[in-house]
Undergrad: 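First the structure, which I've put down as structure tokens, then a few questions once you've had a look.
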Amino acid sequence: MTYGRTVEEPAVVERARGLLGRAFSAHGVTVVITEVEAYGGIDDPASHAFTRTPRSEIMYGPPWRLYVYRSYGLHHCANIVTGPTDRAAAVLLRAGRVVAGHALAEQRRGDVGPARLARGPGNLAAALGITLEDRGADVRTGAVRLGPPVGPPPISSGPRVGVSRAADLPWRFWVTGDPTVSAYRRSPRASSGTSGT
DNA sequence: CTGTTGATCCCG
DNA sequence: GGGATCAACAGT
């Protein structure tokens with residue numbers, strides 16, 4: 001594991017932690033964010049911004065904008081661009097607890113239990129009704145909106161889910177013990193690392 | 001609980 | 001052709 005070379009912890013990691021516990025609203029549903037992953041941008045081989053392309057261009061723009069991509073052809077995943085601008089870093093929203101618009105979220109997700117309504121990045125985006133059309137939204141002022149900062153909840157960390165490169169970085173953060181946190185295993189292509197609790 | 005697989009599409 | 005995924009299914 002380890003960081004190989006000496007790498008200072010980037011700002012996006014602190015931003016990721018700071019998003020936990022905050023409200024996030026879109027299309028009639030509000031969640032409290034319970035699980036996130038930091039993506040470091042230009043230096044992070046797991047980040048979509050590692051190679052600068054039209055898809056990842058939004059990550060090179062101003063912070064607090066929404067980066068949405070389609071995953072495996074079926075799902076949408078929502079990120080918040082964090083800046084600084086020249087780093088193209090962003091935080092993937094992986095899970096949340098629905099606190100408003102419960103009926104609408106159920107309508108979109110089906111009759112799963114409350115803990116699973118917005119568990120997993122694809123499910124979170126689905127519950128919130130987020131699609132590619134929401135790309136570029138400013139989450140401080142738009143219809144897709146982030147709530148005010150809150151006092152940080154207890155936080156656990158571990159390797160990022162589903163990434164095959166830089167899989168040893170413990171850049172996944174979640175609210176300790178929260179039942180809405182996704183319980184997925186890491187990428188089969190990931191070779192090393194630990195798991196959190 | 002664990003592991004496997006198919007669905008499906010924007011992007012490089 | 002691949003992937004920052006999910007749900008369904010089978011086996012332990």
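To find a chain, count down the sequence lines: A is the first, B the second, and so on, and within it residues start at 1. Just so it is clear, the values below take in all heavy atoms, side chains as well, and ignore hydrogens, waters and symmetry mates.
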Undergrad: Could you tell me the separation between the CG atom of A/Leu92 and the P atom of C/dT5, rounded to a whole number of Å?
TA: 7 Å

Undergrad: Calculate the interatomic distance between A/Tyr69 atom OH and C/dG2 atom C1'; express it in whole Å.
TA: 13 Å

Undergrad: If the threshold is 4.0 Å, N to carboxylate O, is there a salt bridge linking A/Arg160 and A/Glu37?
TA: no

Undergrad: Please state how far atom CZ in A/Arg116 lies from atom C1' in C/dT5, giving the value in whole angstrom units.
TA: 14 Å

Undergrad: For C/dA4, is there a stacking contact with A/Tyr39, counting only centres under 5.5 Å and planes under 30°?
TA: yes

Undergrad: Nearest heavy atom decides the nucleotide; on that basis, is A/Leu74 or A/Arg135 closer to the 5' end of DNA chain B?
TA: A/Leu74

Undergrad: Can you tell me which nucleotide in C/dA7, C/dA4, C/dT5 comes closest to the side chain of A/Asn79?
TA: C/dA4

Undergrad: Think A/Arg109 has a side-chain N or O under 4.0 angstrom from the OP1 or OP2 of C/dA7?
TA: yes

Undergrad: When the distance from CH2 of A/Trp174 to P of C/dA4 is rounded to whole Å, what number comes out?
TA: 19 Å

Undergrad: For the pair made of CZ in A/Arg160 and C1' in C/dT5, what is the distance, rounded to whole Å?
TA: 16 Å

Undergrad: Relative to A/Tyr60, does A/Arg52 satisfy both conditions: NZ or CZ under 6.0 angstrom from the six-membered ring centre, and within 45 degrees of the ring's axis?
TA: yes

Undergrad: Side-chain N or O of A/Arg94 less than 4.0 angstrom from OP1 or OP2 on C/dT5?
TA: yes

Undergrad: Taking pairing as Watson-Crick or G-U wobble with both contacts under 3.5 Å, can you name the mate of C/dC9, or confirm there isn't one?
TA: B/dG3

Undergrad: Tell me if the centroids of the rings in A/Tyr69 and A/His48 come within less than 6.0 Å of each other.
TA: yes

Undergrad: Are OP1 or OP2 of C/dA4 and a side-chain N or O of A/His48 less than 4.0 angstrom apart?
TA: yes

Undergrad: Could you state the atom-to-atom distance from NE2 of A/His76 to P of B/dA7 in whole Å?
TA: 19 Å

Undergrad: Which nucleotide, C/dA4, B/dC10, C/dT5, lies nearest any side-chain atom of A/Tyr72?
TA: C/dT5

Undergrad: Could you name each residue pair satisfying salt bridge (Lys or Arg N to Asp or Glu O under 4.0 Å) that touches residues 67-93 of chain A, not counting sequence neighbours?
TA: A/Asp43-A/Arg87

Undergrad: Just the rounded figure in Å: distance from C1' of C/dG3 to CZ of A/Phe50.
TA: 16 Å

Undergrad: Figure out the CG/C1' separation between A/Asn123 and C/dT5, and round it to whole Å.
TA: 9 Å

Undergrad: Choosing from C/dT5, B/dC11, C/dA7, which nucleotide comes nearest the side chain of A/Arg55?
TA: B/dC11

Undergrad: So, do A/Thr30 and A/Val98 sit near enough that their side-chain heavy atoms are less than 4.5 Å apart?
TA: no

Undergrad: Who is the Watson-Crick or G-U wobble partner of B/dC10, with both distances under 3.5 Å?
TA: C/dG2

